**Q** 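Have a look at this one before I ask anything.
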Amino acid sequence: MTTEPLFRADPYLQEATARVLAHTAEGGIVMNASVFYPTGGGQPGDSGWLVWDGGRLPVATTVKGEGGAIVLVPAAPVQMPPVGAEVRQVLDWSRRHRHMRVHTALHLLSVVIPLPVTGGQIGADRGRLDFDMPDPPADTAALEAALNALIERDLKVTETWITDAELEANPGLVKTMSVRPPAGQGRVRLVRIGQGVGQVDLQPCGGTHVARTGEIGHVTIDKVEKKGRMNRRVSITLAD
């Protein structure tokens with residue numbers, strides 16, 4: 001039982017009709033297609049609503065199920081749409097778009113701090129990356145200025161796909177030390193920021209991103225925290 005990830009083909013899709021495939025034992029709903037992104041890669045699961053003839057259900061979050069299923073988790077124990085029903089999915093677009101902005105900004109943060117990434121987290125207002133960084137940055141203000149300069153270049157954000165073998169042959173594409181990109185499906189999705197000689201980043205990622213870096217808007221680097229002998233956490237916040 002698999003769910004077509006509609007968000008992958010179009011991260012700007014806010015509504016779609018789909019069919020209920022199953023109810024899970026935990027009270028979740030599996031659809032045949034989903035505009036809702038499931039929790040993964042540091043990005044929270046999407047929320048929103050399901051609307052059908054005779055009902056409306058708030059979706060609190062979305063998670064990955066077994067065998068490629070995407071599970072929508074109701075916000076309250078209310079009546080669920082029956083299996084086989086056609087349901088309109090309505091995404092909480094404001095929240096998702098902020099996730100997209102923060103996620104793309106974190107890709108750029110890994111450009112201005114070219115060190116191995118040991119962890120990360122995305123929120124609707126702020127995000128953070130943990131770096132293998134023994135010493136603190138000498139000039140945080142300069143890092144923030146460099147990050148915003150990349151954003152203001154309004155670089156195009158696109159995707160491409162390579163085979164598992166190609167990724168294995170190019171280990172430098174993987175910036176994260178703690179999480180390996182999903183392999184075993186035959187191919188891996190790469191997110192590219194910039195084009196041609198103007199390319200600034202290329203790395204495996206399954207999350208959602210804005211189409212151009214200008215959409216991110218101004219960001220601030222809040223703080224750099226020491227997290228262990230070799231790790232430092234760098235947090236950013238959207239200015240609006």
Side-chain angles (χ1 to χ4, degrees), residues 39-45 98-155 157-160 162 164-184 188-194 197-210 213-240:
T39 302
Q43 182 171 330
R98 293 181 75 84
H99 289 163
M100 291 163 61
R101 292 167 61 197
V102 171
H103 197 155
T104 312
L106 291 178
H107 278 237
L108 293 177
L109 182 64
S110 75
V111 174
V112 299
I113 304 178
L115 296 171
V117 175
T118 58
Q121 191 65 45
I122 296 157
D125 297 305
R126 63 198 308 266
R128 52 92 171 167
L129 288 179
D130 297 344
F131 293 94
D132 184 6
M133 183 191 297
D135 301 309
D139 190 343
T140 303
L143 288 177
E144 183 179 299
L147 178 58
N148 282 294
L150 283 176
I151 291 169
E152 290 163 8
R153 285 172 61 183
D154 198 26
L155 298 165
V157 182
T158 57
E159 67 174 48
T160 189
I162 61 173
D164 288 349
E166 287 173 315
L167 180 64
E168 201 64 37
N170 292 275
L173 289 171
V174 181
K175 294 185 176 184
T176 53
M177 297 172 66
S178 57
V179 180
R180 296 290 301 173
V188 176
R189 175 179 180 247
L190 299 180
V191 172
R192 173 183 282 111
I193 302 180
V197 295
Q199 177 179 305
V200 299
D201 191 47
L202 179 68
Q203 61 176 293
C205 187
T208 58
H209 306 82
V210 293
T213 62
E215 276 186 64
I216 298 168
H218 190 82
V219 301
T220 59
I221 293 181
D222 299 329
K223 54 187 174 181
V224 179
E225 303 171 88
K226 187 173 176 60
K227 293 289 180 180
R229 188 171 60 87
M230 300 290 285
N231 284 289
R232 277 178 170 78
R233 176 168 296 173
V234 182
S235 300
I236 65 169
T237 298
L238 298 177
D240 63 336

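Fair warning: this is a prediction, and the values are worked out from it, not measured in the lab. Below, each value reflects all heavy atoms present in this structure, side chains not excepted, and no hydrogens, waters or symmetry copies.
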**Q** What's the spacing between R233 CZ and K226 NZ if we round to 0.5 Å?
**A** 13.5 Å
**Q** Which atom names give the shortest non-hydrogen contact between L238 and A124, and what distance separates them?
**A** CD1-O, 3.9 Å
**Q** Specify the closest pair of heavy atoms between G207 and H103, including all atoms of both residues, with the distance to one decimal.
**A**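 That would be CA-CE1, 3.8 Å.
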**Q** Nearest 0.5 angstrom please: R153 CZ to N148 CG, how far?
**A** 13.5 Å
**Q** Heavy atoms only: give me the nearest Q203-S110 pair and the separation to one decimal.
**A**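 Heavy-atom minimum between the residues: NE2-OG, 3.4 Å.
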**Q** For residues I193 and V200, determine if any side-chain heavy atom of one lies less than 4.5 Å from a side-chain heavy atom of the other.
**A** yes
**Q** Quick one: closest heavy-atom pair of R126 and I236, and the distance?
**A**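 Shortest heavy-atom separation between R126 and I236 comes out as CB-O, 3.0 Å.
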**Q** Which heavy atom of G123 sits nearest to which heavy atom of V102, and what is that distance?
**A**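 Minimum heavy-atom separation between G123 and V102: O-CG2, 3.4 Å.
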**Q** Check the pair L129 / V234 against side chain to side chain contact (heavy atoms under 4.5 Å, CB included), numbers first and verdict last.
**A** CA-CA 6 Å; L129 288 179; V234 182; 5.6 Å; no
**Q** One pair to check against side chain to side chain contact (heavy atoms under 4.5 Å, CB included): L109 and F131. What are the steps and the verdict?
**A** CA-CA 11 Å; L109 182 64; F131 293 94; 4.1 Å; yes
**Q** List for me each residue that meets side chain to side chain contact (heavy atoms under 4.5 Å, CB included) alongside R189, sequence neighbours excluded, and say none if there are none.
**A** R8, E159, W161, V191, H209
**Q** To the nearest 0.5 angstrom, please state how far the CG atom of D130 sits from the OG1 atom of T118.
**A** 4.5 Å
**Q** How close do I122 and L106 get, counting heavy atoms only, and between which atoms?
**A** CG1-CD1, 3.7 Å
**Q** When you look at NZ of K223, are more than 12 heavy atoms from neighbouring residues, nucleotides or ligands closer to it than 6.0 Å?
**A**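 Atom NZ in K223 is not crowded, with 12 or fewer foreign heavy atoms closer than 6.0 Å.
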**Q** Mind checking side chain to side chain contact (heavy atoms under 4.5 Å, CB included) for T220 and listing every partner two or more places apart, or none if nothing turns up?
**A** E144, H218, D222, T237
**Q** Assess the residue pair I151 and L108 against the criterion (side chain to side chain contact (heavy atoms under 4.5 Å, CB included)); give the C-alpha distance rounded to whole Å, side-chain angles, the decisive distance to 0.1 Å, and a yes or no.
**A** CA-CA 8 Å; I151 291 169; L108 293 177; 3.7 Å; yes
**Q** Let me see the working for H107 and I216 under side chain to side chain contact (heavy atoms under 4.5 Å, CB included), right down to the final yes or no.
**A** CA-CA 12 Å; H107 278 237; I216 298 168; over 6 Å; no
**Q** When rounded to the nearest 0.5 angstrom, what distance separates CD1 in I113 from CE in M133?
**A** 4.5 Å
**Q** Say you draw a straight line from CG of N231 to CG of L115; how long is it, rounded to the nearest 0.5 Å?
**A** 10.5 Å
**Q** Output yes when a side-chain donor or acceptor of D154 lies under 3.5 Å from a complementary backbone atom of G214, and no otherwise.
**A**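 Yes.
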**Q** Is there a donor-acceptor pair under 3.5 Å between the side chain of R101 and the backbone N or O of E215?
**A** yes
**Q** Could I get the full list of side chain to side chain contact (heavy atoms under 4.5 Å, CB included) partners for Q199, not counting sequence neighbours?
**A** R192, L202
**Q** Under a 3.5 Å distance rule, please check whether T213 uses its side chain to pair with a backbone N or O of L155 as donor and acceptor.
**A** yes
**Q** How long is the gap from NE2 on H99 to OG1 on T208, to the nearest 0.5 Å?
**A** 8.5 Å
